Asks: 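Dropping the structure in here first, questions after.
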Number of protein chains: 2
Amino acid sequence: MRQGIPDATVARLPVYLRALTTLAEDGTATVSSEELAAAAGVGSAKLRKDLSHLGSYGTRGVGYEVEYLVYQISRELGLTQDWRVVIVGVGNLGHALANYGGFVSRGFTVAALLDADDRIVGETVGGLVVRPVDDLEEVVADQGVHIGVVATPAPAAQDVCDRLVAAGVTSVLNFAPVVLLVPDTVMVRKVDLSTELQILAFHEQRQVANRLSVDVPARVVALEPDGGTGRAGVSP
Amino acid sequence: MRQGIPDATVARLPVYLRALTTLAEDGTATVSSEELAAAAGVGSAKLRKDLSHLGSYGTRGVGYEVEYLVYQISRELGLTQDWRVVIVGVGNLGHALANYGGFVSRGFTVAALLDADDRIVGETVGGLVVRPVDDLEEVVADQGVHIGVVATPAPAAQDVCDRLVAAGVTSVLNFAPVVLLVPDTVMVRKVDLSTELQILAFHEQRQVANRLSVDVPARVVALEPDGGTGRAGVSP
DNA sequence: AGGCACTTGTGAACGGGTGCACAAAGTTGA
DNA sequence: TCAACTTTGTGCACCCGTTCACAAGTGCCT
């Protein structure tokens with residue numbers, strides 16, 4: 001139970017945490033798995049199983065104490081300690097990240113902003129002065145940075161990543177549209193805006209296809225309980 | 001094979017597409033599953049299985065023709081048509097999105113930028129004049145918008161989403177840190193920066209714990225490395 | 001023409017995650 | 001105290017995705 005929380009569960013814990021803090025702000029003291037699951041947009045069984053991986057923090061017949069659960073999830077995610085983050089690349093996205101309040105409120109501290117462009121270095125963004133990217137190694141070492149955020153243009157990303165890793169960073173959040181190569185001791189997560197849009201486009205296209213096939217003899221459509229890939233009999 | 005491409009595969013197609021266009025720019029004509037898989041950061045077997053869902057587009061003994069595969073994936077993702085996108089909320093993140101080149105290059109057109117703040121309305125961002133959020137319904141209808149991007153603060157997100165859906169949008173990309181409720185005919189994808197960081201923090205924490213326990217008899221794991229948040233001895 | 005080297009496409013085994021359904025455990029009210 | 005009710009925690013069956021391993025197909029060289 002304590003041993004090894006499934007990845008899928010870990011990925012959902014922040015969602016639960018968000019829902020719980022909202023509930024706490026509204027003054028809710030306890031919450032049932034059903035309610036919390038609804039707020040988080042998952043099934044109640046899944047939620048209970050997820051939480052059971054952390055321990056037995058609920059009370060049968062009652063539910064979960066909001067504040068206590070917030071603490072337990074925070075602790076499990078490692079949010080009770082302060083993580084220092086360095087953001088490399090202060091373009092449009094870097095600006096957004098530097099000004100994003102969600103970091104600080106969750107126990108993350110932006111240790112520094114770095115950029116290779118002389119025109120940006122020296123500017124103040126989100127309360128921090130942008131420093132030259134050459135300070136990378138110094139910043140990571142002196143400030144004890146754990147997490148690197150890569151928000152550079154694609155061509156610079158791998159190089160920046162290499163330097164982060166060499167300097168001792170073991171987790172990287174990558175916004176650049178490239179696949180970063182790292183030693184397997186380092187964890188990389190990628191966020192790609194255009195990828196998300198393309199996935200949406202795929203489903204849009206399929207929906208459109210479905211809509212068009214509505215007036216087609218219904219026989220074929222009915223077979224697929226799964227909502228149907230709809231592509232009934234279309235041959236290329 | 002033609003019937004219903006798995007979600008996991010769809011999510012990877014944009015990655016393959018990116019790798020392929022890079023290869024194409026470098027003048028590569030054909031590529032093996034091994035090479036392409038390496039460039040995309042996945043296993044070669046997975047890549048082949050993914051591509052096999054689209055059809056038999058490879059040549060045994062040779063590999064895949066880059067340009068042809070680009071076309072096939074693009075078509076499957078629906079990128080051969082132009083999708084019109086409206087971005088609601090032109091704060092830091094909205095700015096970044098509006099200026100992001102990756103949209104246009106992939107067949108997405110930003111139809112309009114909307115914001116509720118009078119101080120921002122009228123500004124020109126990424127070549128477009130920001131319009132008041134009241135124009136939402138008009139924009140969606142007149143411009144034939146398919147996809148809505150929600151980049152508003154959390155409190156406004158659900159309302160904006162409702163209006164998008166009511167106006168006819170069937171896909172939503174949500175950057176606000178809330179779970180959007182939509183009818184199940186509408187598809188929502190969520191991108192949450194702080195969620196990603198929290199997942200990294202979890203793995204960081206665990207790595208640190210592992211490092212510490214290397215030279216310690218394994219039993220001691222139960223100790224809290226966490227610098228005394230107080231609640232150490234709480235028993236249920 | 002025939003063998004060799006290479007690469008795709010896929011059947012089959014495997015593993016992890018999801019959802020159901022229910023027993024266990026706690027609460028409330030009489 | 002006891003019975004009725006609520007809600008958690010979990011065993012189990014199922015499903016989807018991943019990985020392995022290999023037969024089948026293709027080009028090249030002799």
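None of the values given here were measured: they were computed from a predicted structure. Lettering of chains follows the sequences in order, A, B, ..., and the numbering in each one begins at 1.
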Asks: Please state how far atom CG in B/Leu69 lies from atom C1' in C/dT8, giving the value in whole angstrom units.
Replies: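 For the pair B/Leu69 CG and C/dT8 C1', the rounded distance is 13 Å.
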
Asks: Do any side-chain nitrogens or oxygens of B/Tyr64 fall under 4.0 Å of OP1 or OP2 in C/dG9?
Replies: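 B/Tyr64 to C/dG9 OP1/OP2: side-chain N or O found under 4.0 Å.
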
Asks: Could you check how far CD of B/Glu34 sits from P of C/dA5, rounded to whole Å?
Replies: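 Those two atoms, CD and P, are 18 Å apart.
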
Asks: Ring pair (Phe, Tyr, Trp, His ring centres under 6.0 Å) with B/Phe202: which residues, sequence neighbours excluded?
Replies: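 Applying ring pair (Phe, Tyr, Trp, His ring centres under 6.0 Å) to B/Phe202 gives none.
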
Asks: Strictly under 4.0 angstrom, non-hydrogen atoms only: write out the protein contact profile of nucleotides 21-30 of chain C, one letter per nucleotide from the 5' end, B, S or -.
Replies: B--BBSS---

Asks: Name all pairs fulfilling the side chain to side chain donor-acceptor pair (under 3.5 Å) condition that reach into residues 178-189 of chain B, sequence neighbours left out, sorted by first residue then second.
Replies: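 Pairs touching residues 178-189 of chain B that pass the test: A/Glu196-B/Arg189.
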
Asks: Nearest-nucleotide wise, let me know which of A/Lys46 and B/Leu51 is further upstream toward the 5' end of DNA chain C.
Replies: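 The answer here is B/Leu51.
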
Asks: My understanding is that only residues two or more places apart in sequence, or in another chain, count here; which of them pass ring pair (Phe, Tyr, Trp, His ring centres under 6.0 Å) with B/Tyr68?
Replies: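 Residues passing ring pair (Phe, Tyr, Trp, His ring centres under 6.0 Å) with B/Tyr68: B/Tyr57.
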
Asks: So, does B/Ser33 get its side chain near the phosphate of C/dT8, meaning an N or O under 4.0 Å from OP1 or OP2?
Replies: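 Checking C/dT8 against B/Ser33, a side-chain N or O does come within under 4.0 Å of OP1 or OP2.
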
Asks: With sequence neighbours excluded, give me every ring-ring contact (aromatic ring centres under 6.0 Å, His included) pair touching residues 165-196 of chain B.
Replies: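 Qualifying pairs, neighbours excluded: none.
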
Asks: Side chains of B/Arg48 and B/Ser33 only: does a donor on one sit below 3.5 Å from an acceptor on the other?
Replies: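 Their side chains do contain a donor-acceptor pair, which is all the 3.5 Å distance test asks for.
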
Asks: Using whole Å, what does the distance between atom P of nucleotide C/dG17 and atom CG of A/Leu13 come to?
Replies: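 So the two atoms are 13 Å apart, to the nearest Å.
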
Asks: Both B/Thr9 and A/Val31 contact DNA chain D. Taking the nearest nucleotide for each, which residue is further toward the 5' end?
Replies: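 On the 5' side of the pair lies A/Val31.
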
Asks: Rounded to 10°, tell me the angle between the two end axes of the helix from C/dA1-D/dT30 to C/dA30-D/dT1, each built from five pairs.
Replies: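 It works out to 10° between the end axes.
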
Asks: Tell me: CD of A/Glu35 to C1' of D/dT6, nearest whole Å?
Replies: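 Spelled out: CD on A/Glu35 to C1' on D/dT6 is 12 Å.
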
Asks: Under the rule for ring pair (Phe, Tyr, Trp, His ring centres under 6.0 Å), what residues qualify as partners of A/Tyr16, not counting sequence neighbours?
Replies: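 So A/Tyr16 forms no ring pair (Phe, Tyr, Trp, His ring centres under 6.0 Å) with any residue.
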
Asks: Rounded to whole Å, how long is the line connecting atom CG of B/Leu47 with atom P of C/dT10?
Replies: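 Taking CG of B/Leu47 and P of C/dT10, I get 14 Å after rounding.
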
Asks: Starting at atom CG of B/Asp50, determine the distance to atom P of D/dC16, rounded to an integer number of angstrom.
Replies: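 Between P of D/dC16 and CG of B/Asp50: 16 Å.
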
Asks: Check the distance between C/dT8's C1' and B/Tyr68's OH and give it to me in whole angstrom.
Replies: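 It works out to 15 Å between those atoms.
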
Asks: Assign A/Gly58 to base, sugar-phosphate, or nothing according to its heavy-atom contacts below 4.0 angstrom with the strands shown.
Replies: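 Contact class for A/Gly58: sugar-phosphate only.
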
Asks: Test of understanding: with side-chain contact (heavy atoms from CB on, under 4.5 Å), list the residues that count as partners of B/His203, not counting sequence neighbours.
Replies: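 By the side-chain contact (heavy atoms from CB on, under 4.5 Å) rule, B/His203 matches A/Asp7, A/Met187, B/Ile199.
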
Asks: Can you list everything that forms a side-chain hydrogen bond (donor to acceptor under 3.5 Å, both in side chains) with B/Asp192? Sequence neighbours excluded, please.
Replies: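 With neighbours one apart ignored, the set is A/Arg18, B/Thr195.
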
Asks: Side chain of A/Ser56, heavy atoms from C-beta onward: which of D/dG17, D/dG9, C/dA12 has the nearest atom to it?
Replies: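 Closest nucleotide to the A/Ser56 side chain: D/dG9.
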
Asks: Has the side chain of B/Lys49 got a donor or acceptor that lies under 3.5 Å from a partner of the other kind on the base of D/dT19?
Replies: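 Looking at the base of D/dT19, it does pair with a donor or acceptor on the side chain of B/Lys49 (distance under 3.5 Å).
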
Asks: Find the distance A/His53:NE2 to D/dG9:C1' and express it as a whole number of Å.
Replies: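 Going from A/His53 (NE2) to D/dG9 (C1'), I get 11 Å.
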
Asks: Around B/Glu67, counting heavy atoms of other residues, nucleotides and ligands shown, do more than 12 lie under 6.0 Å from its CD?
Replies: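 For B/Glu67, atom CD is not crowded (no more than 12 foreign heavy atoms under 6.0 Å).
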
Asks: Name the closest nucleotide to the B/Ser52 side chain, picking from C/dT10, D/dG17, C/dT18.
Replies: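 That would be C/dT10.
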
Asks: Less than 3.5 Å apart, any donor N or O on the side chain of A/Glu65 or A/Thr30 sitting next to an acceptor on the other?
Replies: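 Absent: no donor and acceptor within the cut-off.
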
